[in-house]
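Right, one structure below, let's go through it.
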Amino acid sequence: MWDEAQFAFSLVVSGLSIGLMYSLIALGFVLVYKATDAINFAQGEFVMLAGFIAAIAAGVQGMPAIAAVAIAVAVMVAFSFALERIVLRPLLGRPIIAVIMATIGLGAMLRGLPPITAGGETRALPLPIGDTPVSLGPATLPPIQIAGVIVTFALLGTFSWFFLKSRMGIAMRAVADNQQGAMAMGINVERYFALAWAMAGIVSALGGVIWGSMLGVDVHLALIGLKVFPVVILGGLDSIVGAVVGGVIIGVVESLAAGYLDPYVGGGTKDFAPYVVMIIALMFRPYGIFGTQRIERV
């Protein structure tokens, strides 16, 4: 009985840490949707691109890891600004499907970019945080997962304060609620759209560094974006707290499925278990646990 309890505890702790790392990616997705009402289907490719930038910078002789991370953040912010200005801003006022298709096409382009420019091999992204596992009772976690948890909570606190207390955050919430009303009040909607994408670029850069350091950097890193959808649908597309809660639930479900079901079916249950949870959640809570229900009058 005690061994079984220790095994379950280890699975839950591992699931919590992985889930919070999923939340780190989902935060970028939520930030864009919360401010612009657009769905970024290229979120995983943003993470992959940031990982490649950091890995290439870290490979430069004598480049400190912190400098490589700073370069990745700066490039992703500039890339996100340029993307919003050149590609997405001309789509303002168009049907939302136009933005969705634009991000899907962008994702396909970004997946093809690294093999052409940087080669197809997996690149290491070492961070100065050590390799010795950290013991949490009967569970052990690699330091990179601990770092991911810390970064996620730091961003959660920062963005929560930004949207609740700062003038810019309140203005961004106004833009998300009613773009025409915000424009009538003198708010520069286009500026806040660009700010939202820049913030998503920062999140993508940090997520790319964390996940790239744990898994290695190659084109398959973009697949981590697939885990964003059950996370944000479960937590709520427009909720920062929901992204964290959804990530925790999905991470724990994955871990428990891998620990208890994989031995009976030969593996792979953790890959589809989150989508089963997502479908069930859509049946009973289509707006997510913390999502905002929208009622449109025709």
Side-chain donor/acceptor of [X] to backbone N/O of [Y], under 3.5 Å:
X: Thr103; Y: Ile100; value: yes
X: Ser255; Y: Gly251; value: no
X: Ser80; Y: Met76; value: yes

Exercise. Evaluate the side-chain contact (heavy atoms from CB on, under 4.5 Å) criterion for residues Met199 and Thr158: first the C-alpha distance (whole Å), next the side-chain angles of each, then the deciding distance (0.1 Å), finally the verdict.
Key: CA-CA 11 Å; Met199 293 167 66; Thr158 300; over 6 Å; no
Quiz item: Given the rule in the side-chain contact (heavy atoms from CB on, under 4.5 Å) test, do Trp197 and Asn40 qualify, once you have shown the distances and angles that lead to the verdict?
Solution: CA-CA 10 Å; Trp197 280 95; Asn40 180 19; 3.6 Å; yes
Less than 4.5 Å apart, side chain to side chain, heavy atoms only: is that true for [X] and [Y]?
X: Phe163; Y: Leu31; answer: yes
X: Ile25; Y: Lys227; answer: no
X: Leu106; Y: Val87; answer: no
X: Phe193; Y: Leu88; answer: no

Quick check: is [Y] connected to [X] through a chain of hydrophobic side chains (ILVMFWY, heavy atoms under 4.5 Å apart)?
X: Leu256; Y: Leu261; value: no
X: Val189; Y: Met168; value: yes
X: Phe162; Y: Leu164; value: no
X: Trp161; Y: Leu155; value: yes
X: Ile86; Y: Ile104; value: yes

Output the distance between atom [atom1] ([X]) and atom [atom2] ([Y]), rounded to the nearest 0.5 Å.
X: Leu282; Y: Tyr287; atom1: CG; atom2: OH; result: 11.5 Å
X: Leu110; Y: Phe52; atom1: CG; atom2: CZ; result: 11.5 Å
X: Ile56; Y: Ile71; atom1: CD1; atom2: CD1; result: 11.0 Å
X: Ser23; Y: Ile249; atom1: OG; atom2: CD1; result: 9.5 Å
X: Arg285; Y: Phe290; atom1: CZ; atom2: CZ; result: 9.0 Å
X: Leu49; Y: Met109; atom1: CG; atom2: CE; result: 11.5 Å

Quiz item: side-chain contact (heavy atoms from CB on, under 4.5 Å) with Val232: which of Ile39, Val30, Ile250?
Solution: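 When Ile39, Val30, Ile250 are each tested with Val232, the side-chain contact (heavy atoms from CB on, under 4.5 Å) holds only for Val30.
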Quiz item: Is there a donor-acceptor contact under 3.5 Å linking the side chains of Asp262 and Thr269?
Solution: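 The criterion, which ignores hydrogens and geometry beyond distance, is satisfied for Thr269 and Asp262.
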Has [X] got more than 12 heavy atoms of other residues, nucleotides or ligands less than 6.0 Å from its [atom1]?
X: Ile66; atom1: CD1; value: no
X: Arg89; atom1: CZ; value: yes
X: Tyr260; atom1: OH; value: yes

[X] and [Y]: which non-hydrogen atoms are nearest, and at how many Å?
X: Gly107; Y: Glu45; result: O-CG, 3.2 Å
X: Ala196; Y: Met172; result: N-CE, 3.9 Å
X: Ala205; Y: Ala50; result: CA-CB, 3.4 Å
X: Leu221; Y: Gly216; result: CD1-O, 4.2 Å
X: Ala57; Y: Met63; result: O-CG, 3.1 Å
X: Ser160; Y: Ile240; result: OG-CG2, 4.5 Å

Quiz item: For the rings on Tyr22 and Trp211, is their centre-to-centre separation under 6.0 Å?
Solution: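 Judged by ring-centre distance (under 6.0 Å), Tyr22 and Trp211 do meet the cut-off.
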Exercise. Could you give me the CA-CA distance, side-chain angles and deciding distance for Phe41 and Phe229, then say whether ring pair (Phe, Tyr, Trp, His ring centres under 6.0 Å) is met?
Key: CA-CA 9 Å; Phe41 281 93; Phe229 301 114; 5.4 Å; yes
Quiz item: Checking side-chain contact (heavy atoms from CB on, under 4.5 Å) for the pair Ile53/Phe79: CA distance, chi angles, key distance, verdict?
Solution: CA-CA 12 Å; Ile53 294 169; Phe79 172 76; over 6 Å; no
Practice problem: Just do the side-chain contact (heavy atoms from CB on, under 4.5 Å) check on Leu24 and Leu20 with the steps written out, would you? | Solution: CA-CA 6 Å; Leu24 181 60; Leu20 286 169; over 6 Å; no
